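Here the structure comes first, spelled out in structure tokens, and everything after it is commentary.
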Amino acid sequence: TAIGLQSAHTLPDLSKGAKEAVRHRYDLECLAMDQAIEELVTAVREKHPDTVFVFLSDHGEEFWERGGMGHGVTLFQEQVRVPLIVVDGQTPGSVHEGMTSTMVILPWLAQRLGVPPLDSWNRDDHGAVFSETWGPWPSLGVHQSAVFSEGYSLIRNHGTNKSELFGLESDPEEWADVSVSNPARVLSMGKLLNAYLADSVASDSATVPLAPEEVEVLEAIGYGDSGH
């Protein structure tokens, strides 16, 4: 079942126990996926021991931290933090505590496999990590972008043209906006974000028409918006 995005205005009024049951079901889905991945890795390694596995996700999940459930509507930590696990059969297991981005995967794999990387992969983002969301469907009117750098996150709401700044070390759940007391950091991080957005492919120019049957498939798994 695809949960998709549920705003605070459309969610049923669930009890505390019901919300906990939803979280528990999500945990069980993660456990089932973990077990399936173990079977996959074991089976592939028997025939191809040099296989490189990369496991990641495209988004996190909110469970009422800010009144809603699902993903795609904000860029707070619960919706942007994802697993990134690399297994290559050669490197000893370790945990990287620093911030990184899924954008580093293609260049790393190219180097690991001895394949020349594309020029577009060689970005100099000054150690920053970026994210952007337009929401899961147009009728929500969502457009946010964010930059994460030097222990801070700057989240911009393009609908209101307002930016919020959070110190991730002292406020990891991003509740206290410190933009007023840190104007210089807002300015510097805003410049990084502007440069990133200017270098990104514009969403309108990347829009392509879909056949009715393609729209039907996407809506059946929780994506798209009927009539759009």
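What you are looking at is a predicted structure, and each value in this text was computed from that prediction instead of being measured.
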#### Entry: side-chain contact (heavy atoms from CB on, under 4.5 Å) assessment of Tyr152 paired with Glu169
CA-CA 8 Å; Tyr152 285 84; Glu169 293 183 5; over 6 Å; no

Kindly compute the distance separating [atom1] ([X]) from [atom2] ([Y]), expressed to the nearest 0.5 Å.
{"X": "Ile105", "Y": "Leu56", "atom1": "CD1", "atom2": "CG", "value": "4.5 Å"}
{"X": "Ile155", "Y": "Ser163", "atom1": "CD1", "atom2": "OG", "value": "9.5 Å"}
{"X": "Asp27", "Y": "Glu20", "atom1": "CG", "atom2": "CD", "value": "8.0 Å"}
{"X": "Glu29", "Y": "Glu61", "atom1": "CD", "atom2": "CD", "value": "9.0 Å"}
{"X": "Leu75", "Y": "His59", "atom1": "CG", "atom2": "NE2", "value": "12.5 Å"}
{"X": "Leu187", "Y": "Asn182", "atom1": "CG", "atom2": "CG", "value": "12.0 Å"}

### Query
Can you list the steps and then say if Phe166 with Ser179 is a side-chain contact (heavy atoms from CB on, under 4.5 Å)?
CA-CA 7 Å; Phe166 303 94; Ser179 59; over 6 Å; no

So [Y] and [X], do their side chains get closer than 4.5 Å, heavy atoms only?
{"X": "Val73", "Y": "Thr133", "answer": "no"}
{"X": "Glu164", "Y": "Leu154", "answer": "no"}
{"X": "Tyr26", "Y": "Phe63", "answer": "yes"}
{"X": "Arg156", "Y": "Leu197", "answer": "yes"}
{"X": "Asn157", "Y": "Asn161", "answer": "no"}
{"X": "Thr100", "Y": "Leu84", "answer": "yes"}
{"X": "Glu65", "Y": "Phe76", "answer": "no"}

### Query
Have Thr74 and Gln79 got a donor and an acceptor in their side chains that come within less than 3.5 Å?
yes

Could you tell me whether a side-chain N or O of [X] sits under 3.5 Å from a main-chain N or O of [Y], the two making a donor and an acceptor?
{"X": "Asp177", "Y": "Leu165", "value": "yes"}
{"X": "Asp199", "Y": "Ala195", "value": "no"}
{"X": "Glu174", "Y": "Gln77", "value": "yes"}
{"X": "Ser101", "Y": "Val104", "value": "no"}
{"X": "Gln111", "Y": "Trp108", "value": "no"}
{"X": "Asp34", "Y": "Cys30", "value": "no"}

If you group Ile, Leu, Val, Met, Phe, Trp and Tyr by side-chain heavy-atom gaps below 4.5 Å, do [X] and [Y] land in one group?
{"X": "Val52", "Y": "Phe55", "answer": "no"}
{"X": "Met99", "Y": "Val147", "answer": "no"}
{"X": "Phe53", "Y": "Val86", "answer": "no"}
{"X": "Val87", "Y": "Met33", "answer": "yes"}
{"X": "Leu193", "Y": "Val129", "answer": "no"}

### Message
On a heavy-atom basis, which atom in Gly60 and which in Val82 lie closest, and how many Å separate them?
### Response
N-CG1, 3.9 Å

### Task
For residues Ala128 and Leu192, report the shortest heavy-atom separation together with the two atoms involved.
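Scanning both residues completely, I find the closest heavy atoms to be CB-CD1, 4.2 Å.
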
When you look at [atom1] of [X], are more than 12 heavy atoms from neighbouring residues, nucleotides or ligands closer to it than 6.0 Å?
{"X": "Glu38", "atom1": "CD", "answer": "no"}
{"X": "Glu216", "atom1": "CD", "answer": "no"}
{"X": "His96", "atom1": "NE2", "answer": "yes"}

### Task
Carefully, step by step, assess Glu150 and Arg185 under the rule salt bridge (Lys or Arg N to Asp or Glu O under 4.0 Å).
CA-CA 10 Å; Glu150 298 180 342; Arg185 187 172 293 276; 3.3 Å; yes

### Query
What residue among Met69, Glu78, His71 forms side chain to side chain contact (heavy atoms under 4.5 Å, CB included) with Glu62?
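Going through Met69, Glu78, His71 one by one, the side chain to side chain contact (heavy atoms under 4.5 Å, CB included) with Glu62 is satisfied by Glu78 alone.
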
### Query
With His143, which residues qualify under ring pair (Phe, Tyr, Trp, His ring centres under 6.0 Å), at least two apart?
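Applying ring pair (Phe, Tyr, Trp, His ring centres under 6.0 Å) to His143 gives Trp134, His158.
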
### Task
Can you run down the side-chain hydrogen bond (donor to acceptor under 3.5 Å, both in side chains) pairs that involve residues 40-50, sequence neighbours left out, and say none if there aren't any?
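side-chain hydrogen bond (donor to acceptor under 3.5 Å, both in side chains) check on residues 40-50 returns no pairs.
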
